[in-house]
Amino acid sequence: MSKLKVTLGGFMFLSVLLFAWSYADSRNPSTRNNSKQSGTVQKMIVENASVTMQLDLNGLNGSNSLVARPVTLRFSVAANSFFPILVFNDLLRTVQPGSMALIPSRDGGIPALPVQLGASVKQLVVEKLPSNQSFGLAVRDSKTGFTFFDVAGGDYDYNANARSLGISGGRLLISKQFANALGRPSDAGSIIGTISVGAAMQPIEITQVVNGKRKSVVVPPLSQGASPAGTLVPGPDIIVGDLPDMVQVGSTGSQVGLGVATTSCNIGDQPVDFHALPETDHPFFPQNLYRMSGGADNTARFEQVGQAWIKHAFGADELDECNVGCDTSNCVQFSQLCPGCADPYLADENGWYDLLGSRAWVNPFTGAFPPGPSPYPSSNHAGHNHDGASHRIRVNVDDLNTTLNPGATYFAEAAYLTAQEYAWCQSHPGQCNMYNNASHRQFLVSGTTNFTFSPVGVTGRMQPAIMAWTNATISPQLQPDPGNDGVWYLGYKVTNPSTGTWHYEYAVYNYNLDRSIQSFSVPLGAGANLSNIGFHAPPQEPGWANDGTFNNQGYSSTPWLVTQASDSITWNS
């Protein structure tokens, strides 16, 4: 007997963004303690580097042999990798969050590795984690965010004369995620090898400090020929750099309204306009919430449990929170987000309903929405009687209640959209930056009727939340009308809850497809016996006056119609 359940999240067109900021220069203890000192502060990144991992293949493959079978993996590092350090008067003060992209050495080839690691070996990164994490470094897949190894210990040595950074003695531990994927959860935390790094560093910002005050700042050119703002991509490219906080802003009793803090970053070499309404040349962003739960390990199902209207951005700070070098030259500060610069919004601010507008007014692929005088069509609240969940990330209390959802994992998501990226893509074919706007982050939920949220790990930059579905199969981007409309993803996971029974979960995720998704079909094998057929979508906003939906009726979470044939099963909206 086959058991089929499709989880259709109703991801209307985009995902949630969460943003945050760290103010590394002013909040870092090592720099704060020198607030009355004088000297030179250098912010440096990797010019070039090599990374060596010594691994025990017997341990990786779960062999019972007591004899280690060592293997050496050697990598070079992508030039100008943003793995930032701060050096004060030639002394290393701190290593900031960042990553080094690893390029496998061609010498000797790549040995036979466990299939999960072997498939990712050409897209690994060494990532420096924030100081509030259990480990300082991690080895991850740059595209999926999957963590293979946590790095414990390690000595950091900076040579000012050579401008070199060395990391030695780091112990590679099998991560919980990798141990589960190997089918050996008890191996999580096992020492499987060592890692060492040798890096030539180069300054991207040199600041002269006198009595704790900045007197001058120089941005030297990079030796690899990149722009002063680092490895910026051509054109405007706004992403979600961080999702640092999430708060409950209001409640209706059965539902709560949430807001997520977001930090947007322009990683492109062109400025992004941030003109406030009634101007239409600014980004807008939705916020979403997801839950992973079900099955023996609480990872069988991935559902969207909340979504907000969109927020229209206005005015940009020019911070360097993405560590790519904020370059304010040839840019109108505040009215534009300059190349390499970041702009934060607080969580409660992103939950102010009067700053939010209906998603129905905007095209998520082109970024277009109608102009007009106040009340602006895209953010018209005339005739609205707001309650505690109105327009915010609307979530059913029962979907968050920790007593009703033991072991569930929650992810917030946001995505900044701007018409400038689409316009640049049209005039510069091959330089299309509309497909990396969404980022996600895990949050720990506490409470049963009123809720608090604590961020876990780091933000999965430029990865929609569906990528966090543990051990699920996620399709590549699916684009039904290339160049004219956006993309969507299909995720699925198959489990075997009992002998002879297979459980199928599907998630249809609309990233920025304006036409939306109208149906979904799964082929059936001969003799398949289906039961427990289901559907799930997040709670939707009720119809509001002037909300841009058909007859102002709002969107619907009504389960899609199921049609079963001899060779397929289909859901229709």
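Residues take their numbers from the sequence shown, with the count starting at 1. All values below were derived from every heavy atom in this structure, side-chain atoms included, with hydrogens, water molecules and symmetry-related copies excluded.
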Quick check for you: to the nearest 0.5 Å, what is the distance between [X] atom [atom1] and [Y] atom [atom2]?
X    : Y    : atom1 : atom2 : value
Q116 : F146 : CD    : CZ    : 6.5 Å
S454 : Q442 : OG    : CD    : 11.0 Å
Q307 : S557 : CD    : OG    : 7.0 Å
Q255 : S390 : CD    : OG    : 9.5 Å
Q177 : T147 : CD    : OG1   : 5.0 Å
I192 : D150 : CD1   : CG    : 13.0 Å

*Verify side chain to side chain contact (heavy atoms under 4.5 Å, CB included) between V125 and F83, making sure each step is shown before the conclusion.*
CA-CA 11 Å; V125 294; F83 188 89; over 6 Å; no
_Using side chain to side chain contact (heavy atoms under 4.5 Å, CB included), reason through V445 and F453 one step at a time and then give a plain yes or no._
CA-CA 5 Å; V445 179; F453 304 88; 3.8 Å; yes
If we only count heavy atoms from C-beta on, is the [X] to [Y] side-chain gap below 4.5 Å?
X    : Y    : result
L277 : F284 : no
V562 : I569 : yes
T402 : T448 : yes
F443 : L289 : no
P97  : V458 : no
V522 : Y504 : no
P114 : N61  : yes
L513 : V487 : no

Check whether [X] reaches the backbone of [Y] with its side chain - one donor and one acceptor, N or O, closer than 3.5 Å.
X    : Y    : result
R392 : A308 : no
N437 : I238 : yes
D343 : L337 : no
N363 : D514 : no
E541 : H391 : yes
S439 : M462 : yes
R184 : L60  : yes
E505 : R301 : no
T570 : S521 : no
T495 : P497 : no

Please report the closest heavy-atom contact between [X] and [Y], naming both atoms and the distance.
X    : Y    : answer
F451 : V397 : CZ-O, 3.8 Å
W469 : A300 : CZ2-O, 3.3 Å
N512 : F365 : O-CB, 3.5 Å
Q96  : K128 : O-CG, 3.3 Å
Q287 : N350 : NE2-O, 3.0 Å
V249 : G351 : CG1-O, 4.0 Å

Which word best sums up how the rings of [X] and [Y] line up, parallel for under 30°, tilted for 30 to 60°, or perpendicular for over 60°?
X    : Y    : answer
F178 : F148 : perpendicular
F369 : H282 : tilted
Y506 : Y492 : tilted

When the aromatic ring centroids of [X] and [Y] are compared, is their separation below 6.0 Å?
X    : Y    : value
F411 : Y290 : no
H386 : W544 : yes
W560 : F535 : yes

*asked:* Is a donor from one side chain sitting under 3.5 angstrom from an acceptor on the other, for Q463 and H440?
replied: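 No, no side-chain donor-acceptor pair sits under 3.5 Å.
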*Any salt bridge between E303 and R291, counting N to O under 4.0 Å?*
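The answer is yes: the pair qualifies as a salt bridge.
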*Salt-bridged, K311 to E349, with N to O below 4.0 Å?*
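A salt bridge is present here (some side-chain N lies under 4.0 Å from a carboxylate O).
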*Is there a side chain to side chain contact (heavy atoms under 4.5 Å, CB included) between L173 and F135 once you walk through the steps?*
CA-CA 10 Å; L173 312 182; F135 299 96; 3.5 Å; yes
*Could you go step by step and tell me if L182 and D187 meet the side chain to side chain contact (heavy atoms under 4.5 Å, CB included) rule?*
CA-CA 9 Å; L182 292 171; D187 284 356; 5.8 Å; no
*So with a 6.0 Å cut-off around CD of Q518, is the heavy-atom count from everything else above 12?*
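Counting neighbours around CD of Q518, 12 or fewer heavy atoms of other residues, nucleotides or ligands fall under 6.0 Å, so no.
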